[in-house]
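Have a look at the structure below, then the notes.
Throughout, numbering of the chain's residues begins at 1 and tracks the sequence. Counting starts at 1 for both ligands and their atoms, following the listed order. Just so it is clear, the model here is predicted, and its values are computed rather than measured.
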Amino acid sequence: MVKLMLALDLDKERALKVAEEVKDYVDAIKVGYPLVLSSSLEIVKEIKDICEKEVILDFKVADIPATNEKIAKLSLRYGDGIIVHGFVGEDSVKAVRDVAKPLNKKTILVTEMSHPGALRFIQPIANELAIMAKKLELDGIVAPSTRPERLRELKHLSNLPVLTPGVGAQGGRLEEIIKILDENDYIIIGRAIYNSEDPKKMAKYYKEKIRALSK
Ligand code: NUP
């Protein structure tokens, strides 16, 4: 079954509350700058203490190789993997991968982003990014639920597990993307769950919908 990854872009207090509420229905958790900058990287441990899920660091690392290496070393003291940008070049991505691999942690490459602004600069190179992810034998790519045909193509080109954001608040439709995905892939949902009146109920709703549509 396709996995559900919760994006926890909240402050510490709300993030821990939501993690506790939804833990029976999500398979993994994604933390990014809003949460880490409003607390610290230690938050990853606190989340793991609550729910023992896979935690991916969405830091979209995009610097020169020497700096990427330092960022990866510091970040990957926590969590199970890190998201990087590829437009900075193969050497920068390799620097992260070479830190992550020996630690048994994932390096996940952003290909095409899910927001409208992605059309101008990143969509034109997204196919090449997916091919680079495959060549570097990374652990996954990020590709958009907001453009199902692009999601299909990027998954095909990379032949890697896909983490796909865009369902819910960004207008992506679960029914349209689920047929493209398989049990190695993750659907990332944030606001549609944590901003709802009842995050637990909403996480259950998405989990059950994924189960029903996966058949
Ligand atoms: O292309 C991307 N789009 C995107 O929304 C790459 C991402 N990493 N994200 C992240 O996915 C975004 O930063 C947020 O954490 C999550 C989507 O959350 P939501 O739109 O479901 O609230």
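Side-chain rings of Phe59 and Tyr33 approach one another, their centers coming within less than 6.0 Å.
Atom 11 (O) of ligand 1 has Pro165 CB, 3.4 Å as its closest protein atom, hydrogens excluded (heavy atom only). Of all protein heavy atoms, the one closest to atom 13 (O) of ligand 1 is Lys60 NZ, 3.8 Å. Of all protein heavy atoms, the one lying nearest to atom 10 (C) of ligand 1 is Lys30 NZ, 3.6 Å. Scanning all protein heavy atoms for the shortest distance to atom 8 (N) of ligand 1 gives Asp58 OD2, 2.8 Å.
Side-chain N or O atoms of Asp185 include one that pairs as donor or acceptor with a backbone N or O of Asp182 at under 3.5 Å. Between the side chain of Lys105 and the backbone N or O of Gly79, at least one donor-acceptor pair lies under 3.5 Å.
Here Ile131 sits in one hydrophobic cluster together with Leu157; the rule is ILVMFWY side chains under 4.5 Å apart, joined directly or through other members.
Glu42 and Tyr78 form a side-chain donor-acceptor contact under 3.5 Å, judged by distance and modelled atom types alone.
For Asp198, there are no salt bridge (charged side-chain N to carboxylate O under 4.0 Å, His left out) partners, not counting sequence neighbours.
Residues Leu136 and Leu109 form no side-chain contact, since every pair of their non-hydrogen atoms from C-beta on lies 4.5 Å or further apart.
Residue contact check: Arg191 has heavy atoms under 4.0 Å from atoms 19 (P), 20 (O), 21 (O), 22 (O) of ligand 1. Close approach of ligand 1 to Ala7 is summarised as follows: ligand atoms under 4.0 Å from at least one heavy atom of the residue are 15 (O), 16 (C). Counting atoms of ligand 1 from 1 in the listed order, those under 4.0 Å from a heavy atom of Ile189 are 21 (O).
Neither the backbone nor the side chain of His115 comes within 4.0 Å of ligand 1, counting heavy atoms alone. When non-hydrogen atoms are compared, ligand 1 lies under 4.0 Å from the side chain of Asp9 (C-beta onward) but not from its backbone. For Ser114, heavy-atom contacts with ligand 1 shorter than 4.0 Å involve the backbone as well as the side chain. Contacts of Gln170 with ligand 1, taken as heavy-atom pairs under 4.0 Å, involve the side chain alone.
By heavy-atom distance, the residue among Ala192, Gly166, Gly190 lying nearest atom 18 (O) of ligand 1 is Gly190.
Checking Lys48, Lys106, Lys3 one by one against Glu54, the salt bridge (Lys or Arg N to Asp or Glu O under 4.0 Å) holds for a single residue, Lys106.
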